[in-house]
Amino acid sequence: MCSGSFAKCLGITLIPLAILCVLCNILLFFPGGLVAEDNNHITEEVFYFGGVMGSGVMVSQLLLGSGKSQGFWHGMFTSIIFAAVGVLGAGYSFIVSAVAIHKGPKCLYMNVRELHTTQFIDYLNNHTLWEGCIKPEGIVTWHLTLFSMLLVMGLLQAVLCAIQVINGLIGAICGDCCGCCGGGKRTLLY
């Protein structure tokens with residue numbers, strides 16, 4: 001496959017991933033699917049906007065780099081730069097999600113009057129803690145599901161953007177097709 005064609009396929013794959021990451025981050029502002037009474041009831045990592053800024057905006061910058069440019073080499077160079085920015089953004093989303101999963105959700109636990117967070121490892125070892133979070137209802141599942149989705153999609157985006165960096169480097173060194181696409185035009189770097 002030519003490096004230009006591969007970049008287009010990659011862009012088509014990244015669009016729905018970026019949209020899903022933004023939606024997951026927005027849904028996290030509504031703990032348990034309900035409007036939060038106070039911003040203190042929302043997990044701190046939601047405000048780091050890992051899904052919006054990391055996986056959404058920074059990864060979609062790659063799509064801006066894949067448009068028409070002033071020339072082949074300029075296009076390959078911008079593709080490499082934007083893909084590297086995409087790797088950083090997806091990595092940011094991955095790290096924020098991992099920290100949020102490790103810290104656990106904020107919830108009102110049993111008869112305690114203040115919000116409480118419990119380490120994720122405690123939730124894995126003792127499932128009765130899940131029922132102990134009485135408000136907002138279902139917050140543990142909500143928190144773990146959405147942040148796990150952000151974690152997996154961030155990792156997938158980072159891998160795809162890293163592959164695009166390699167693809168752009170190969171395209172810049174060998175030319176667009178290297179003779180692999182049925183005798184296409186071969187452009188060499190002299």
Side-chain angles (χ1 to χ4, degrees), residues 7-67 79 81-109 114-124 127 129-165:
K8 289 177 187 173
C9 292
L10 186 71
I12 291 169
T13 306
L14 286 172
I15 291 171
L17 286 174
I19 291 170
L20 283 173
C21 287
V22 170
L23 288 175
C24 284
N25 202 144
I26 291 170
L27 286 173
L28 284 164
F29 279 102
F30 303 98
L34 304 170
V35 177
E37 296 172 11
D38 186 7
N39 282 349
N40 292 331
H41 296 172
I42 299 173
T43 306
E44 183 180 313
E45 288 76 23
V46 174
F47 293 103
Y48 295 160
F49 294 103
V52 175
M53 291 304 297
S55 288
V57 175
M58 290 180 80
V59 169
S60 58
Q61 293 297 313
L62 177 61
L63 302 175
L64 295 175
S66 63
S79 176
I81 296 298
F82 284 121
V85 170
V87 169
L88 293 175
Y92 173 73
S93 176
F94 179 83
I95 291 169
V96 168
S97 300
V99 168
I101 289 171
H102 179 70
K103 286 175 98 175
K106 281 187 179 179
C107 68
L108 184 63
Y109 187 76
E114 58 188 58
L115 290 174
H116 176 71
T117 60
T118 305
Q119 299 296 326
F120 178 64
I121 197 73
D122 295 335
Y123 285 110
L124 287 178
H127 284 279
L129 287 175
W130 292 38
E131 290 91 29
C133 282
I134 56 175
K135 187 175 181 185
E137 190 174 327
I139 186 63
V140 177
T141 307
W142 184 266
H143 178 87
L144 294 178
T145 301
L146 291 173
F147 273 118
S148 294
M149 288 175 63
L150 283 172
L151 184 85
V152 170
M153 288 187 287
L155 180 64
L156 184 59
Q157 288 175 331
V159 168
L160 290 173
C161 289
I163 290 170
Q164 175 54 29
V165 169

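Quick note: residue numbers are just sequence positions, from 1.
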Colleague: Testing Leu17, Leu23, Val22 for side chain to side chain contact (heavy atoms under 4.5 Å, CB included) with Ile19, which one passes?
Modeller: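 The residue from Leu17, Leu23, Val22 that satisfies side chain to side chain contact (heavy atoms under 4.5 Å, CB included) with Ile19 turns out to be Leu23.
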Colleague: For the atom pair OG (Ser148) and CE (Met153), what is the distance rounded to the nearest 0.5 Å?
Modeller: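 Taking OG in Ser148 and CE in Met153, the distance rounds to 10.0 Å.
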Colleague: Examine distances only and state if a side-chain atom of Trp142 and a backbone atom of Phe30 form a donor-acceptor pair shorter than 3.5 Å.
Modeller: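 Flag set: sc Trp142 to bb Phe30 pair under 3.5 Å.
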Colleague: Does anything in residues 14-36 form a salt bridge (charged side-chain N to carboxylate O under 4.0 Å, His left out)? List the pairs, not counting sequence neighbours.
Modeller: none
Colleague: Which residue pairs satisfy the salt bridge (charged side-chain N to carboxylate O under 4.0 Å, His left out) criterion with at least one member in residues 44-54, sequence neighbours excluded?
Modeller: Glu45-Lys103
Colleague: What is the minimum heavy-atom distance between Val165 and Ala84, and which atoms define it?
Modeller: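 Distance-wise, the nearest heavy atoms are CG2-N, 3.7 Å.
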Colleague: Quick one: list whatever passes side chain to side chain contact (heavy atoms under 4.5 Å, CB included) with Ile163, sequence neighbours left out.
Modeller: Phe6, Val159
Colleague: List for me each residue that meets ring pair (Phe, Tyr, Trp, His ring centres under 6.0 Å) alongside Phe29, sequence neighbours excluded, and say none if there are none.
Modeller: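 Only Phe47, Phe49 meet the ring pair (Phe, Tyr, Trp, His ring centres under 6.0 Å) criterion with Phe29.
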Colleague: For the side chain of His143 and the backbone of Lys106, is there at least one donor-acceptor N/O pair under 3.5 Å apart?
Modeller: no
Colleague: Within the distance-only criterion (no hydrogens, no angle test), does the side chain of Tyr92 pair as donor or acceptor with the backbone N or O of Tyr48 below 3.5 angstrom?
Modeller: yes
Colleague: To the nearest 0.5 angstrom, please state how far the CG atom of Leu146 sits from the CG atom of Leu28.
Modeller: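 If I round to the nearest 0.5 Å, the distance is 4.5 Å.
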Colleague: Could you pull out all residues at least two apart from Thr145 that satisfy side chain to side chain contact (heavy atoms under 4.5 Å, CB included)?
Modeller: Thr141, Met149
Colleague: On a heavy-atom basis, which atom in Gln157 and which in Ala18 lie closest, and how many Å separate them?
Modeller: NE2-N, 3.3 Å
Colleague: Work out which heavy atom in Ala162 is nearest to a heavy atom in Val87; give both atom names and the distance.
Modeller: N-CG2, 3.4 Å
Colleague: For a quick test of reading the model, state the closest non-hydrogen atom pair linking Gly32 to Ile139 and the distance between them.
Modeller: N-CD1, 3.6 Å
Colleague: Could you report the tightest heavy-atom contact between Cys21 and Leu150, atom names first, then the distance?
Modeller: O-CD2, 3.5 Å
Colleague: With sequence neighbours left out, write down each residue that passes side-chain hydrogen bond (donor to acceptor under 3.5 Å, both in side chains) with Ser93, or none if nothing qualifies.
Modeller: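 With sequence neighbours excluded, Ser93 shows a side-chain hydrogen bond (donor to acceptor under 3.5 Å, both in side chains) to Ser55, given in chain and number order.
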Colleague: If you round to the nearest 0.5 Å, how far is CD1 of Ile101 from CG of Leu151?
Modeller: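 Between Leu151 CG and Ile101 CD1, I get 5.0 Å after rounding to 0.5 Å.
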